[in-house]
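From a predicted model like this one, the values you see are computed outputs, not experimental measurements. Just follow the structure's listing: the first ligand is 1, and inside any ligand the first atom is 1.
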Amino acid sequence: RTHISQLFADADQLGGTTVTVAGWVRSVRDMKNFGFVMLNDGSCFKDLQVVMKRDELANYDEIAATGVGSALSVTGTLMLTPERPQPFELQASSICVEGASAPDYPMQKKRQTREFLRTQQHLRSRTNLFRAVFRVRSVAAYAIHSFFQERGFVYVNTPIITTSDAEGAGEMFRVTTLDMENPPRTEDGHVDWSQDFFGRPANLTVSGQLQAENFALSFGDVYTFGPTFRAENSNTRRHAAEFWMVEPEMAFCDLEGDMDCAEAMLKYVINYVMERCPDEMEFFNKFVDKGLVERLTHVATSDFARVSYTDAIKILQEAQEGGHVFEYPVDWGCDLQTEHERFLTEEHFRRPTFVTDYPAAIKAFYMRMNDDGKTVAAADCLVPGIGEIVGGSQREERLDVLERRIAELGMEADQYKYYLDLRRYGGCKHAGFGLGFERLVMYLTGVDNIRDVIPHPRTVGNADF
Ligand code: 4AD
Ligand code: MG
């Protein structure tokens, strides 16, 4: 079997030869004595046009009546057609129905809403939009590995099941081995969750950062790339309960180095995807987000903005004085809401923007305290259309400061025993960040809902299939 992608790549050499392809029917047109089948095998974005002739095909009527979505294999001669819009077509000598598609196949040729397509998780990957999105997702994942591997980073797999809350935000899903029909109880009659995981409490990880820090202090530069889970009840277009995160961690690196790495990584992935997915990018640019390619090209070739949280608040307040209305109040100390992030990156800086040095009170316990005693060495990267795409920081490497912070926040120091130990045995300045992989795919494709960039989304109320 030849992949259709190979036909497009090597049409000149393959013209006139006999090839066999197999794929799914996109459309059938029966002109009585001849007909056309558009076939896609997933190997590339483009469809192959198959031409069949009644005289030459014993089962012509069967094929002319096959439904959209059917799986076919086709053997025929590749005919070059340089005078027509498609550079070649396959003149079928035999066509075999590998698997017919029932007449109620829900994928119609006309454009269907993304809401409807979300109810068709198992079939939507056969549409142009999702074929394009999920190939870009695959290529972007490869680009991430390529970026870090080229720079000598070690890929570390961090655990999914863990007792520690890496973000200290209590947004964890419990993992349980308890018999829920008959759970162990505490003296006062409540379920004894401390028995959860073979006798210990356990959760799904919210981030691999703490374990990545572990490996950074032996390998220097490392990264994770894996699924993470958040039990936050946020029903928005950019939050999922299960999402993939890329988390590099670098020893002997400060916040500046951290931002440089994030910026270089984003530019690298943009270039990589634009180079390797031209058909998909052209499709997005035409049908999803006009101006996408121009915008990404600009992003890949110009500097990101960098502004402190304190200055960002001033910018937002000035905008407010100038008449801009925000739903949420803007005061020093407030967490930046999506509307604030979008104003900064879309209206003010008009490009990706790092906001640095946030108030300690709204950031995680592990971020390094600045000399002012109020802010931490954090940097979030905000991008137009999405808001926060990367969240990172320099880490608190000073044992006493970290212990104090953990106590202040009322966290259980026990849970962080290993983490604290790393500050005892050769701890050093280090920094890292987390890139939300789905948010990156949204950014690369212009698709504006996280449910449409992950194959089987797990969002509030949705975990089927
Ligand atoms: O800002 P967050 O929570 O940072 C961390 O988890 C750190 N441990 C990262 C690190 O420094 N190693 O998450 C990082 C990124 C966010 O910027 C966002 O892009 C994405 O992960 N993210 C989500 N994506 C989809 N759905 C959610 N519920 C997300 N929560 C965070
Ligand atoms: Mg964050």
Heavy-atom pairs closer than 4.0 Å: do any link ligand 1 to the side chain of [X], the backbone, both, or neither?
X	answer
M245	side chain
D380	neither
R238	backbone
V390	backbone

Exercise. Identify which one of V307, V355, L336 satisfies the side-chain contact (heavy atoms from CB on, under 4.5 Å) criterion when paired with I313.
Key: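 Result for side-chain contact (heavy atoms from CB on, under 4.5 Å) with I313: L336.
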Practice problem: Establish, for the pair R151 and F147, whether the NZ or CZ atom is under 6.0 angstrom from the six-membered ring centre and no further than 45 degrees off its axis. | Solution: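 Cation-pi check for R151 and F147: passes.
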Closest non-hydrogen protein atom to [atom], residue and atom name please, with distance?
atom	answer
atom 3 (O) of ligand 1	R230 NH1, 2.9 Å
atom 18 (C) of ligand 1	R439 NH1, 3.4 Å
atom 26 (N) of ligand 1	A240 N, 2.9 Å
atom 5 (C) of ligand 1	E167 OE2, 3.3 Å
atom 12 (N) of ligand 1	E247 OE2, 2.7 Å
atom 20 (C) of ligand 1	G436 CA, 3.5 Å
atom 19 (O) of ligand 1	I389 O, 2.8 Å
atom 15 (C) of ligand 1	G434 O, 3.6 Å

Quiz item: Any idea which atoms of ligand 1 are less than 4.0 Å away from a heavy-atom of I450?
Solution: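 Result: 25 (C).
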Quiz item: In ligand 1, which numbered atoms sit nearer than 4.0 Å to a non-hydrogen atom of G391?
Solution: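 Answer for ligand 1: 9 (C), 10 (C), 11 (O), 17 (O).
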Salt-bridge present ([X], [Y]; N to O < 4.0 Å):
X	Y	value
E438	R238	no
R306	E256	yes
E408	R405	yes
E403	R424	yes
E396	R398	yes

Are any of the side-chain heavy atoms of [X] and [Y] separated by less than 4.5 Å?
X	Y	answer
Y223	V154	no
K363	S393	no
V401	R423	no

Quiz prompt | Separation between OG of S164 and CE of M411, rounded to the nearest 0.5 Å | solution =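 Nearest 0.5 Å value for the OG-CE distance: 9.5 Å.
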Exercise. Hey, could you give me the NE2/CD distance between H456 and E242, rounded to the nearest 0.5 Å?
Key: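 Spacing of NE2 (H456) from CD (E242) equals 10.5 Å.
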Self-check item: CA sep, side-chain torsions, deciding dist, call: E247, S207, side chain to side chain donor-acceptor pair (under 3.5 Å)
Solution: CA-CA 8 Å; E247 294 185 277; S207 154; 2.8 Å; yes
Quiz prompt | Closest candidate by heavy atom, reference atom 22 (N) of ligand 1, pool F243, F433, F229, Y366 | solution =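 Ranked by closest heavy atom to atom 22 (N) of ligand 1, first place is F243.
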Quiz item: Nearest to atom 1 (O) of ligand 1 by heavy atom, E388, M442, R395: which?
Solution: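 That would be E388.
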Quiz item: Is ligand 1 less than 4.0 angstrom away from at least one heavy atom of S393?
Solution: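 Contact check S393 vs ligand 1: negative.
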Quiz prompt | In the protein, N/O/S atoms that are found under 2.8 Å from the Mg ion (ligand 2), waters not counted | solution =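 Listed by chain and number, the atoms are E388 OE2.
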Quiz item: Side chains of Y328 and E339: do they bring a donor and an acceptor to under 3.5 Å?
Solution: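 The criterion, which ignores hydrogens and geometry beyond distance, is not satisfied for E339 and Y328.
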